[in-house]
Every structure is written in structure tokens, then in C-alpha cells.
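Data block below; observations after.
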Amino acid sequence: MIPSNKNSLIGLLFLSYCICLVKSIELTFELQDKSKDCYYENIQKNTSTTLEYQVVTGGQYDVDVIIESPTKEILYRQVKSQFDSHTFVAAVTGPYAICFSNEFSTFSHKLVYMDLQVGEEDPLPGIGEQVTVMTQMETTSQDIHEYLNKIIDYQTHHRLKEAQSRKRAEDLNHHVALWSATETIAILLVAIVQVYMLKRFFTEKSPTQNQYKSMY
Amino acid sequence: MIYYPFILLSAYLLGSVQCLYFHIGETERKCFIEEIPDETTVVSHYKVELFDVRTGGFTPPTPGIGMNVEVKDPDMKIILSRVYSFEGKISFTSHIPGEHIICLYSNTTAWIGGTQLRVHLDIQVGDQAIDYAQVAQKEKLSDLQLRIRQLVEQVEQIIKEQSYQRFREERFRQTSESTHQRVFWWSLSQLFILLVMGFWQMRHLKSFFEAKKLV
């Protein structure tokens, strides 16, 4: 969006100076066959980061995952993994690479979900700063907030599981339809060819072949 | 949505935390899928940098370069498609639940291949997309009121998600029932076809052998 007023211009300026401190991002993307997708995230030193991923559809539901530190050190490697969650603490500040690779698969492209949580959740403005002890009301609402976050997390997992099963069911439905059509044709063909072949064994050497042909 | 203007206003503030990035070629196209309930706002920020051959780093591109952004709803209808500058914010609200596809590609008219683009991207969905600092400021809410507001938003999101879950469960059930029906009817028809074919084969061959005086 092209900045049209003064406010957004200031915002734009502000933007370029800001560094990322707290972040959570969920992405679902398609991974083509024989390809590798890398995502990078600038992580501050000593920040705890959690990566969660799941293959939603495609092939054997597996993918190779690598997390690489800015110093090219491999922090995490999974080969042909379906889903996992990994938490690590950044040792140095810099761009961490998260790579999903489908290089072993020659024809199935995949749908991959990933959730990257860097650091803790942003506190609400005003709440994190106060020095006084929180009232019971505040503590309770904080707890509720955390519980709701958990519910949303579980919902996401449930949604992904459901999506996986639903897509599999849709595939199955499609395959059943296709296969039944193929098999019907196959049965008819086999039956007719069988009769034809059998008849030929008996009629081939016969000098009066034409006579029988006219019968049928 | 009542909070819509505030989301818009807070756009650039939220944008300050965009930090996940990836590389695409200038002619490449990158798509992301968001499976969301209906009436859910999705806010996305992005920033593009161009690979600079001289320094080996990434620099902000020249003003001519922009990004095409395309958002498709589950029926594959385009609900948003326009050219933005190299940095911007996309915001849309879903009307039907399902998989929304967000595609980004640069509007380069150039050569095949081209240079590398670095795209910083951030996608926030539902209650995540709300900037509470702005809400508090606009509506003059106390800390506790703001907290409650956040809880309300979260609960609303959960409710939407649940009703969407029901919708998808229904679709799932329909698929399963359809599969069941197909398997059932097909096994019956296969049985029927086999019987008919077997019967026909026998009769046909019998009359054939009789005619050939083999039996």
C-alpha cells in the first residue's frame, strides 16, 4: 500500500529501524517435488525459539527439515519426518535458516504447515510495565488468556489433523470412483476377449471358418 | 468489524516486527495458504529487497519495482489482486470459510530468471491481527478492560474456528458417505456384471462347441 498520509509515512520510517524481538508466524505453503524451501529469521541471542511443522498432504506425508544457525552449524535435522516440534535457544544473534526439503521425492508435491514462535508473546501494552503486584482479577485474566492461547493451539492441531484426514478421504473417494470405472471396463474386456480367444483356438485350423462366423 | 479502522491505523506499527524472510527469483511466484473461518481478518505485511551484485547484500529496490498480490478464496475467485509497491500491507476479510491462497510475485517485465528477491513476510490471522495498543488508545480502555477485550477477541476467534470445524466435519462426512455409497454400489454392480458375463460366456461357448460338434 502506498503511504498516503503523514502518519503512515512516519510509520514507514519507523519500520525500517525496528528489529524483530517477538514474533510468531504460521505459514502453510506448497513444497514442489525435488525442491527445497528455506525461511530465514533474525533471532536475538538467548531467545528461545520453537518450530512446529506438519505435512498436511502429499506423498508419504514426509519432509526433510533442517535448522541452521548463522554459523552454518546444523541445530536440528530430521529426515522424512511427518510432524515435529523443536525448541532451541539461539546461541548467537543472526539469521537462522529453516529449510524444508522435498528433494527425495520425484513426483509428489506436499503441503507443509509451519509455526515459528520466537521469544515470548508480546505483553499487552501497559500490563507488562506495572511494578505493583497484580490483583487477583489481573492474575486470573492473565491465566485465562494463556488458557485461551492453548485452546487456539489445540484447535490448530486439530484443524491440521482434520485437514489431513479429510484430504485423504477425498483422495480415497476419487480413487474409488476411478478404480471402479477402470475395473468395470477391465471385466467387460477380459470376458469378451476370453471368449474370442477361446473361439479362435477351435476355429483357426478349421477350413470351414467362415461358416461359423456367420452363425454369430 | 468494529475494529477494522484500528487495524488499518496500526498497520505500520505491526509491520515493525516483520522478520521472517525468504528468497525468490524475480520471475517466481510464491503462494501461501491460509485455512480460515469466515469473517476473519487476515493482515499481511511484506517488504521486498533486491539482491545487489556489487555488495553481495540486499538493498531496497528502485521505486519501479512492485509486487503483485493475489488473494483467492476457496472457490478460486480472486478477491484481491493488485500491484503494490515494494513494501506494503495486505488486508482482507474472508466471507466464506476455507483455504485462502495468497500469492506474491513481482511485477518485473524483465528477462528470464532475473535477480534474487528477498521477501520479508508476516501474516497475522484473526485476533492476532489486532493491535491492542491502538485499541487502548482509541477507546481509552484501562489495562484490565483491555485485557478483557483481548479475551473477548480470543473467545470469538475460538467460536468461529469451532463453527468452521463443524462445517468441515460435515464436508468430511459427506466425502466418507459418498465413498461408502460408491464402494457399496460398485461392489453390487461388479457382482452383477460378473454373473452376467459368466453366464453369457458359458452360453455362448456352449452353443459354439455344439455347433462345432465338440461336445
Side-chain angles (χ1 to χ4, degrees), chain A residues 1-2 7-8 11-12 14-15 18 20-30 37-42 111 116 124-127 130 137-138 141-142 144-145 148-149 151-152 155 158-159 162-163 165-166 169-170 172-173 176-177 180 183-184 187-188 191 194-195 198-199 202-203 212 215, chain B residues 9 11-13 15-23 30-35 84-85 87-89 122-123 125 128 132-133 136 143-144 146-148 150-151 154-155 157-158 161-162 165 168-169 171-172 175-176 178-179 182-183 186 189-190 193-194 197 200-201 204-205 208-209 211-212 214:
Chain A
M1 192 178 282
I2 298 156
N7 269 347
S8 49
L12 208 63
F14 176 60
L15 192 149
C18 254
C20 168
L21 290 172
V22 182
K23 190 86 210 76
S24 160
I25 187 161
E26 289 173 68
L27 286 179
T28 310
F29 56 93
E30 218 168 280
D37 272 22
C38 285
Y39 296 89
Y40 305 86
E41 173 100 33
N42 280 308
L111 204 65
L116 189 70
L124 272 180
I127 288 179
Q130 61 186 202
M137 185 68 191
E138 280 164 341
S141 58
Q142 175 71 34
I144 296 174
H145 172 64
L148 288 178
N149 272 345
I151 292 176
I152 292 171
Q155 270 190 339
H158 191 221
R159 194 183 69 208
E162 197 268 350
S165 321
R166 182 161 38 84
E170 271 162 18
L172 179 70
N173 188 26
V176 164
S180 39
E183 208 166 308
T184 308
I187 291 171
L188 288 173
Q194 250 182 1
V195 171
L198 208 60
K199 273 170 77 178
F202 291 103
T203 47
Y212 294 112
M215 270 180 72
Chain B
L9 269 170
Y12 286 105
L13 280 172
S16 63
V17 284
Q18 53 177 235
C19 49
L20 184 98
Y21 63 87
F22 53 89
H23 299 138
K30 188 87 190 167
C31 293
F32 294 98
I33 299 160
E34 288 292 331
E35 191 166 18
Y84 290 95
S85 73
E87 178 164 13
K89 169 186 159 280
D122 169 35
I123 297 176
V125 181
Q128 293 177 337
Y132 292 102
D143 291 350
L144 197 58
L146 186 66
R147 173 62 84 189
I148 302 295
Q150 190 188 28
L151 295 181
Q154 277 185 303
V155 172
Q157 192 60 36
I158 290 168
E161 185 67 44
Q162 277 189 342
Q165 190 58 49
R168 295 187 314 156
E169 193 272 340
R171 218 179 98 192
F172 195 167
T175 310
S176 302
S178 160
T179 309
R182 283 176 183 187
V183 166
W186 183 65
S189 61
Q190 193 194 27
I193 290 168
L194 279 173
M197 286 318 276
W200 173 78
Q201 275 185 335
H204 191 82
L205 286 174
F208 173 73
F209 289 143
K212 286 280 290 179
L214 285 168

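On a predicted model such as this, the values are computed, not experimentally measured, just so you know. Within every chain, numbering begins at 1; the chains are lettered A, B, ... in the order of the sequence lines, protein sequences first and strands thereafter.
- Between B:F22 and A:C38 the shortest heavy-atom distance is CB-O, 3.5 Å.
- For the options B:R182, B:R168, B:Q201, heavy-atom pairs under 4.5 Å to chain A are most numerous at B:R168.
- When the candidates B:Q157, B:Q165, B:E169, B:Q190 are compared by the number of heavy-atom contacts under 4.5 Å with chain A, B:Q165 comes out ahead.
- When the candidates A:R166, A:H158, A:E183 are compared by the number of heavy-atom contacts under 4.5 Å with chain B, A:R166 comes out ahead.
- Under the 30°/60° scheme for interplanar angles, the aromatic rings of B:Y21 and A:Y40 are found to lie parallel.
- Interface summary for chain B: among A:A191, A:S180, A:A163, the most heavy-atom pairs under 4.5 angstrom belong to A:S180.
- Not a single donor-acceptor pair under 3.5 Å links the side chain of A:E170 to the backbone N or O of B:T175.
- Closest of all the heavy-atom pairs between A:A169 and B:F172 is CB-CE2, 3.4 Å.
- Side chains of B:H204 and A:L198 form no contact here, defined as non-hydrogen atoms less than 4.5 Å apart.
- Only the side chain of B:E34 comes within contact range of chain A, with heavy atoms under 4.5 Å apart.
- Contacts of B:I193 classified as side-chain contact (heavy atoms from CB on, under 4.5 Å), with partners at least two apart in sequence or in another chain: A:T184, A:I187, A:L188, B:M197.
- Interface remark: B:L205 contributes side-chain atoms only to the contact with chain A (heavy atom separation under 4.5 Å).
- Distance CG/A:L172 to OG1/B:T179: 5.0 Å, rounded to 0.5 Å.
- Between chain B and the residues A:E30, A:E26, A:R159, the largest count of heavy-atom pairs under 4.5 Å involves A:R159.
- Within the 4.5 Å cutoff, side-chain heavy atoms of A:H145 are placed close to those of B:R147.
- Considering all non-hydrogen atoms of both residues, A:S141 and B:L144 come closest at OG-CD1, 4.0 Å.
- Only the side chain of A:D37 comes within contact range of chain B, with heavy atoms under 4.5 Å apart.
- For the pair A:K199 and B:F208, the cation sits on the ring face: its NZ or CZ lies under 6.0 Å from the ring centre, inside 45° of the axis.
- Nearest heavy-atom pair, A:I25 versus B:D122, reported as atom, atom and distance to 0.1 Å: CD1-CA, 3.6 Å.
- In this structure the side chain of A:M137 reaches within 4.5 angstrom of the side chain of B:I148, judged on heavy atoms.
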